[in-house]
Every structure is written in structure tokens, then in C-alpha cells.
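For reference, the structure discussed in these notes is given below.
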Amino acid sequence: MKERKGYKAYPLTVAQKFHFFYLDYCPKKEVVNVGTSLTIEYELNLNVLRQSIYKAYERCEGMRIRFAYDKKEKQWYQYVVEKEEREIEYVDFSGKTMEEAETIMKEWTAVPFEREDSPMNRIVIIKTPDGNQGLYLLADHLTLDAQSLICFLKDVIELYCNTMYEGVEYPKEMRSYIEQLEKDLEYEAGSKAQKRDREYFHKLIEQSEPIFNGIEGPGPLLEERKKNPKARAARCISDSVDSALDIFHLEEEPTARLMTFCEQQHISLQCLLIMGIRTYLQKMNGNDDVSINVAYARRATLLEKKSGGTRIHSFPFRTIIPEDMTFLEGIHMIRDAQNETFRHTNFDPVEYFAYRAKLYPTEPGNTYEPMSLTYQPMTLKEKGLSQLGDIKYKTKWYPNGATTQAMYLTVMHRPEDNGLDFNFEHQVKAVSRETLEYFYYYMCKIMFKGIEKPNLKISEIIKLI
């Protein structure tokens, strides 16, 4: 397919195909829906807000993506339309409770998009029962991720402020989605960089077979070993994709302590989170060898940061950290391994998993990674929203009701106070709320004990908690 409806058609990127990879197996097609709302404690001019949304659409090619299926090739393609002219709805939730309003927005989030030649997002201007005004945004994960979502919302607000208030600068231009897409497709067409990345990951996989560590302990692996005594992989998903979203809030002051430690040690919060999670799994399973899936945003350049779309690649991240190492040594080991992995994250994760499965054949549905982690450092609080002054605003994520993974943890900063929200999306039948509470409690204990006494050995931390 070279063209569609007069627009140039492009193949899907690896990041987009990765979503199709699990979408094909999932009976609930809303599994790729991302729903969020942003509301402000302020009376907004709805006409100006509506015009700001249209202008933001005009400035962001990634929000105008359409998909088309080529029946002969049995391939999906994408193209970018010139304009978004559809009506932007307005829903007033006044007279309802906050719970009722949120239930309705959850219902919106559970409606899959028409896949072909159709808009892949929906915006509703809302007024919530607490008197706040703003917008609800639903988008397909194949066209948007958390960073591009935040970037788009920020653009809408900055455009609105530029119109409404004197002296507010017009926001800097967004970057071209098509330009970045062409770069990605160039990489995927057998580039030298791709060959380098393939060599790196193949070598990593070939070192040895990982081992499964369960959230609640080695139970699933022991079950698997009844059939195969040498098994190192196990099944942790359930037979149902029905999911729930449980959120745990870490206050501003303890969050600041974690961030200060990271600054002093020149590490990212992602490294500290990985250390907390893997030490918990080490404690529960008695293994020094721990693997979890880690998502990488791949937004290093200005073009990548501001071109929208979806860029997340997720890879297993394996660490072998003996208990007689100190917490600090473990953190530095994670940092060095993460820095190395970052350089190769343009590689195709589906190819990674296929190569590993070929080298270490396992039963279908078995894995070495019991969970996935995403850390989202970008917030709306960053420079650019200062024109809102002291006006308070709220953001909220809405679950789509389905996930193909047993547990997916997304850690984000709250706009109100910069504290951390731990968003656990989990299969209801695979992981209970009680298990999550236990997991979250001990992960935090490990991190705080570690930053308080970084020269303690991991074995000592495990004993102390």
C-alpha cells in the first residue's frame, strides 16, 4: 500500500507492532485504550478551549494518525490526515457524585476504537462534580504513549493561556511525526545500528537462561517443576484478561527523600525502583538472579520528545546481585547495566523474545518475568505551565478493564505535590489487592532502608525488613 485516501501510507513501526502482538491474542480489543482526564480549579472559556484543542490537533501529526489494512499483503499501514474537524463534545457532570462521573469515564475508556480509517482518539470537554473544568482524552496506545499524551495536553493548555492572558508566550512548535517515523523505518530496514543492537541483545540472551521469580514466592515455578524438574520458566498469568487498577500514593516528603538520594548518587529513580522490586523478589524466592520487564520511552532527541506517537519498547532486565553485595553496589550495577541497555532500545522486542524462545524453549504462556515496570518522569508540572500560577489541577488515569500481563506497575509523579503514584494494573484472577499491598509495603521498606543505610549488605536489609 503506497497511498490511502490521497495520503502517503507507511508501514507500522516496531513499537506499534508490539501492541498488535498482544492485541491479536486478547479477546478484549480495548486493551490498547489509554484514558485520562485533566481538570483545572477554574472557570474556563469553553470556546477558547475548543479552539485550543483544534489548534493542538493541527500542530500534532501524531494525533491525526489513521490505520488501513491491506488484504493482499495482510499488513496494517498508517497515514496522517491533514485536519481533525470532528465535533468536540461537552459533558457536564454537575449533579452527579465524583464516583458516578468516574464510572462513566471508565465506561468510555472500555470502548475500543474502530480500527480502519477512523480517528484513534476522542476528546470530551468536561465539568466535574467538584466544579473543575477541563478535558477527558481517550486514545489508542498504537498512536500515543504517556509522554506524547502529556506533551499534547501541555500544548492545549499553553495555547489556551496564550489566547486568554497577556504576556504568555506562544508555545514552541511540535515536531513532525512523519519525519520521526521515516527515521524509525530507516533503522528497521537493516541499518548498521540495528545490526549492532541485535548483536548486543543476542550476546546478552546467550549468556545463560534466566529464572522465574514469583510475586508471592516460587510457587508457580515449583508447580512447573512437577512436570519438568529442570524448568526455569513458569506461568503467572490467569485464564482471564479482566483487570483492575489499584493506586498507592507515596507522600511528597518521602518522595523527596528518594529523589534527593538519586541526585546525590547520580542515578535515575527508575534504577532505585528496579532495586526495590528485584530485592523484594530476591527475598521472596531466594534467588540472586532476578528478571522483570522494563519499559523504555526512547525520547532522547527533541524530535523524539515532541513528535508524538508511541515509542515505548519493553525488554526483560536481568540482574544477578549476590546478597553479600551492599545496597549501593547493587544500585550502581543496575545503573551501569541500564545505561548500556538504553543505547540499544531501538531493537525489536518481539525479535528479542523470539530469539530467546528459540534458544530456551518453554511451554506456551510461560515466562521468566512476573511483572513489568514503567517509570514516567515527565509531568505537567514542568516548566511551561507556570502561567497557571497557583491554580490547582488534577490528572486521573482510567483503566480499560483488560490486560494481558499478570501485573504492570506504572510509577508517576502527582501534579498536586510531586509525590509518587504507584499504579498497579493487574489481572484480577492472577494478583489480588492484598498481594499488591504486601508487595508495595515491602518494596518501599527496602528502598527507604537502602537510602538510609546504603552500605548495608542486601542480606542485612532483607533481615531488617
Side-chain angles (χ1 to χ4, degrees), residues 1-4 7-25 32 61-62 65-80 115 140-145 147-148 175-210 293-318 337-361 369 372:
M1 187 184 284
K2 291 205 168 70
E3 268 197 6
R4 183 72 164 189
Y7 298 105
K8 189 174 175 183
Y10 295 89
L12 300 190
T13 64
V14 157
Q16 291 170 316
K17 286 177 189 168
F18 189 58
H19 293 301
F20 261 118
F21 179 63
Y22 62 81
L23 184 61
D24 284 347
Y25 299 100
V32 288
E61 291 174 351
I65 296 169
R66 301 286 190 272
F67 293 112
Y69 189 67
D70 189 310
K71 285 175 186 158
K72 274 189 197 165
E73 293 183 36
K74 295 186 176 172
Q75 291 283 349
W76 282 94
Y77 282 82
Q78 61 187 315
Y79 60 100
V80 173
R115 178 86 22 216
D140 185 292
H141 214 340
L142 276 88
T143 64
L144 165 150
D145 55 29
Q147 287 220 19
S148 52
R175 303 299 287 266
S176 166
Y177 172 77
I178 289 170
E179 188 187 333
Q180 183 57 55
L181 172 62
E182 286 171 343
K183 274 184 186 295
D184 289 337
L185 295 172
E186 216 174 278
Y187 165 89
E188 287 162 27
S191 63
K192 281 181 184 171
Q194 188 196 40
K195 282 179 187 140
R196 274 197 307 274
D197 297 341
R198 182 176 288 119
E199 279 167 22
Y200 168 78
F201 279 118
H202 280 202
K203 207 170 160 186
L204 203 62
I205 292 165
E206 287 158 10
Q207 283 173 3
S208 63
E209 187 180 4
N293 285 317
V294 176
Y296 300 94
R298 299 191 310 123
R299 292 195 187 268
T301 66
L302 190 61
L303 178 60
E304 287 167 349
K305 280 176 183 153
K306 297 203 74 178
S307 55
T310 191
R311 299 197 54 74
I312 290 173
H313 282 186
S314 188
F315 293 98
F317 183 67
R318 181 186 183 189
Q338 280 282 287
N339 286 345
E340 203 172 341
T341 303
F342 281 138
R343 292 202 288 272
H344 302 281
T345 53
N346 284 332
F347 190 62
D348 181 353
V350 178
E351 190 182 325
Y352 175 105
F353 286 109
Y355 185 73
R356 189 172 75 172
K358 189 176 137 191
L359 217 59
Y360 312 113
E369 293 82 29
S372 293

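Quick caveat: nothing in here was measured; it's all calculated off a predicted structure.
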Determine, stepwise, if the pair Glu369 / Arg356 fulfils salt bridge (charged side-chain N to carboxylate O under 4.0 Å, His left out).
-> CA-CA 13 Å; Glu369 293 82 29; Arg356 189 172 75 172; 2.9 Å; yes

Just checking, any donor-acceptor pair under 3.5 angstrom between side chains of Tyr177 and Gln78?
-> yes

Distance-only side-chain donor-acceptor flag, Arg66 / Thr143, under 3.5 Å = no

What residues form a side chain to side chain contact (heavy atoms under 4.5 Å, CB included) with Ser176, not counting sequence neighbours?
-> Glu61, Ile178, Glu179

Inspect the contact between Arg115 and Asp140 and indicate whether a charged nitrogen and a carboxylate oxygen are less than 4.0 angstrom apart.
-> yes

Flag the pair His313 / Tyr296 as yes when their ring centroid distance falls below 6.0 Å, and as no otherwise.
-> no

Distance-only, no hydrogens or angles: does the Gln16 side chain make a donor-acceptor pair with backbone N or O of Leu142 under 3.5 Å?
-> yes

Quick check for you: to the nearest 0.5 Å, what is the distance between [X] atom [atom1] and [Y] atom [atom2]?
X	Y	atom1	atom2	value
Thr310	Leu12	OG1	CG	11.5 Å
Leu204	Phe317	CG	CZ	9.5 Å
Lys17	Trp76	NZ	CH2	14.0 Å

With sequence neighbours left out, write down each residue that passes ring pair (Phe, Tyr, Trp, His ring centres under 6.0 Å) with [X], or none if nothing qualifies.
X	result
Phe353	none
Tyr10	none
His19	Tyr22, His141
Tyr360	none

Within a strict 4.5 Å, meaning less than it, do heavy atoms of the [X] and [Y] side chains meet?
X	Y	answer
Tyr352	Pro316	yes
Lys183	Leu303	yes
Lys8	Tyr79	no
Leu185	Glu188	yes
Pro349	Val14	yes
Ser208	Arg318	yes
Tyr7	Glu3	no
Val294	Ser372	no

Under the side-chain hydrogen bond (donor to acceptor under 3.5 Å, both in side chains) test, which residues partner [X], sequence neighbours left out?
X	value
Gln147	none
Glu73	Tyr77
Ser191	none
Arg4	Glu116, Asp117

Of all heavy-atom pairs between [X] and [Y], which one has the smallest distance, and what is that distance?
X	Y	answer
Asp70	Lys72	OD1-N, 3.0 Å
Asp197	Asn346	OD2-CB, 4.2 Å
Asn293	Ser314	CB-OG, 4.0 Å
Lys195	Gly190	NZ-O, 3.8 Å
Gly309	Ser148	O-OG, 2.8 Å
Tyr200	Glu340	CE1-OE2, 3.4 Å

Anything under 30° is parallel, anything over 60° is perpendicular, the rest tilted; go ahead and classify [X] against [Y].
X	Y	result
Phe67	Phe20	perpendicular
Phe315	Phe201	parallel
Phe347	His202	perpendicular

Of all residues at least two apart in sequence or in a different chain, which pass the salt bridge (Lys or Arg N to Asp or Glu O under 4.0 Å) check with Glu351?
-> Arg198

Tell me, please, which residues at least two apart from Arg298 pass salt bridge (Lys or Arg N to Asp or Glu O under 4.0 Å).
-> none

Pairs satisfying salt bridge (Lys or Arg N to Asp or Glu O under 4.0 Å), at least one member in residues 299-313, at least two apart = Asp145-Arg299, Asp184-Arg311, Glu304-Arg311

